[in-house]
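Labels below follow one simple rule: chain letters A, B, ... track the order of the sequence lines, proteins then strands, and each chain is numbered from 1.
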2 protein chains.
Amino acid sequence: MTEADPPGYELPLLLFAGFRSLIDELHTELAALGHTEVRPVHGFALQAIGPYGASATEIGRRLGVSKQAAGKTVDRLAALGYVERADDPSDARRKLVRLTPRGLDMLTRSAEIFDRLRANWVHQLGAGQVAQLESSLRRVVPATAFPVDVPGWFG
Amino acid sequence: MTEADPPGYELPLLLFAGFRSLIDELHTELAALGHTEVRPVHGFALQAIGPYGASATEIGRRLGVSKQAAGKTVDRLAALGYVERADDPSDARRKLVRLTPRGLDMLTRSAEIFDRLRANWVHQLGAGQVAQLESSLRRVVPATAFPVDVPGWFG
DNA sequence: GTAAAGTAGTCAACGTGGTTGTCGAAACAG
DNA sequence: CTGTTTCGACAACCACGTTGACTACTTTAC
């Protein structure tokens with residue numbers, strides 16, 4: 001009680017800066033591994049597609065954007081060689097979007113890099129602090145904000 | 001040691017979800033106070049302008065974007081009535097961007113709302129946990145990652 | 001004092017990621 | 001068979017960012 005609370009606006013700034021620094025480091029490392037053209041939004045989209053593939057409409061639902069926006073992102077991912085479209089034999093309207101080997105590689109590398117970046121935080125703060133940070137955020141974050149609901153926050 | 005570490009990708013997701021939930025609540029409350037058209041990026045821009053005003057180039061430098069992008073954002077803020085441009089008598093090239101009373105109101109309200117949102121987190125997690133979360137992030141976030149570097153905002 | 005260099009703001013063209021609205025084709029419910 | 005819903009695509013548009021080019025003005029160097 002002897003110390004004044006920090007101003008409330010610092011909290012979102014710190015959260016954003018932490019998020020942003022992780023994402024920036026991720027893409028620096030991905031670029032060094034040959035994934036130079038990929039952007040943050042693409043990582044979320046690949047995650048939403050998942051190992052079994054998904055339709056464009058389903059991807060949009062998972063990301064919380066319109067099916068048209070999801071379709072455009074799929075177009076770009078396909079042009080970059082990360083996904084491919086295949087006809088769905090059980091439904092002639094649908095086209096299944098699947099990861100290519102390159103897309104899967106990007107996802108695997110990202111997971112490895114994120115693990116390493118988290119380990120850096122553990123090195124700086126200690127395992128307990130990082131675990132507590134994650135635990136606090138899990139408690140305070142509304143379930144609706146998860147698992148993936150991310151419109152245009154990076155560019 | 002007996003528990004496995006969570007996957008590294010959860011950390012950025014949690015940070016983003018926390019940030020996003022605060023920003024969403026902020027804008028819900030701002031809308032209820034009459035600031036219905038303002039978007040997250042505008043709040044950052046108003047912060048970058050600050051109580052004494054700034055030139056467009058300076059705003060861009062503080063936000064880490066080009067002067068052209070800053071100029072466009074100022075155009076939109078001016079159209080919404082949050083800022084106004086004035087000639088700088090000491091340098092005929094510069095135009096000083098200043099907050100209007102409405103812009104200042106928005107910033108003051110935002111500060112109040114952020115304080116209240118932080119108090120909500122304190123209520124859920126306890127003051128110590130929130131302080132520790134902020135402290136951890138301050139240690140781990142590189143100084144360059146702060147989107148707005150404005151001396152002396154709100155005390 | 002003047003010429004060269006640098007800086008502020010604007011305009012234009014463009015890229016990316018989002019939105020609605022519309023539409024044809026296919027699936028489904030009755 | 002018919003009406004409704006769903007999927008993917010196309011078009012128009014908006015928000016926010018980028019570069020490059022240009023004018024007007026300031027500052028610096030000689």
To the nearest 0.5 Å, atom OG of Ser136(A) lies from atom CG of Leu133(B) at 5.5 Å
* To do: Report yes if at least one side-chain N or O of Arg39(B) is closer than 4.0 Å to OP1 or OP2 of dC16(D); otherwise report no.
  => yes
Query raised in the report: Does a side-chain heavy-atom distance below 4.5 Å link Phe114(A) with Pro12(B)?
Result: yes
Among dT20(C), dC7(D), dT10(C), the one nearest any side-chain atom of Ser66(A) is dT20(C)
Q.
Need one value for Ala92(A): base, sugar-phosphate or nothing, where a base atom within 4.0 Å counts as base even if backbone is also close, heavy atoms only.
A. sugar-phosphate
From CD1 of Ile59(A) across to P of dA9(D) the rounded distance in Å is 11 Å
Here the distance between atom P of dT27(D) and atom CG of Asp88(B), to the nearest Å, is 11 Å
| message | Contact between Pro40(A) and His27(A) at the side-chain level, heavy atoms closer than 4.5 Å - yes or no? | response | yes
Validation: residues 99-109 of chain A side-chain donor-acceptor distances under 3.5 Å, sequence neighbours left out:
unit_1    : atom_1 : unit_2    : atom_2 : d
Thr100(A) : OG1    : Gly81(A)  : O      : 2.7
Thr100(A) : OG1    : Tyr82(A)  : O      : 3.1
Thr100(A) : OG1    : Arg102(A) : N      : 3.4
Thr100(A) : OG1    : Gly103(A) : N      : 3.1
Arg102(A) : NH2    : Gly34(A)  : O      : 3.3
Arg102(A) : NH2    : Tyr82(A)  : OH     : 3.2
Asp105(A) : OD1    : Arg109(A) : NE     : 3.1
Asp105(A) : OD2    : His35(A)  : NE2    : 2.8
Thr108(A) : OG1    : Leu104(A) : O      : 2.8

Review point. When you check the phosphate oxygens OP1 and OP2 of dG17(C), does a side-chain N or O of Thr73(A) lie under 4.0 Å from one of them?
Key: no
Margin query: Should the side chain of Lys67(B) and the base of dG9(C) be counted as holding a donor-acceptor pair, with the cut-off at 3.5 Å?
Written below: yes
Inset, instruction - Any chance you could lay out the side chain to side chain contact (heavy atoms under 4.5 Å, CB included) test for Phe16(A) and Leu15(B), step after step, and finish with the verdict? - result: CA-CA 7 Å; Phe16(A) 180 73; Leu15(B) 292 168; over 6 Å; no
From CG of Asp87(B) across to P of dG9(C) the rounded distance in Å is 11 Å
Q.
With a 4.0 Å limit, can you tell me whether Arg76(A) has a side-chain N or O closer than that to the phosphate oxygens OP1/OP2 of dG17(C)?
A. yes
Under 3.5 Å, is there any donor-acceptor pair linking the side chain of Arg93(A) to the base of dT6(D)? yes
Taken to the nearest whole Å, CZ/Arg61(B) to C1'/dA8(C) is 14 Å
Taken to the nearest whole Å, CZ/Phe44(B) to P/dG17(D) is 11 Å
Practice problem: Have a look at Asp91(A) and say if it touches a base, only the backbone sugar-phosphate, or nothing, with a 4.0 Å heavy-atom cut-off. | Solution: sugar-phosphate
From CD of Glu37(A) across to P of dG17(C) the rounded distance in Å is 11 Å
Ignoring backbone atoms, test whether His42(B) places a side-chain nitrogen or oxygen under 4.0 Å from the OP1 or OP2 oxygen of dC16(D).
yes
For this session: Report yes or no: is there a donor-acceptor pair, N or O only, under 3.5 Å between the side chain of Gln68(A) and the base of dG17(C)?
Result: no
Ranking Pro89(A) and Asp75(B) by the position along DNA chain C of their nearest nucleotide, the one closer to 5' is Asp75(B)
Between CG of Leu80(A) and P of dG15(C) the distance, given in whole Å, is 14 Å
Out of dG9(C), dG8(D), dT18(D), minimum distance to the side chain of Ala69(B) belongs to dT18(D)
Side-chain N or O of Lys95(B) closer than 4.0 Å to phosphate OP1/OP2 of dT10(C): yes
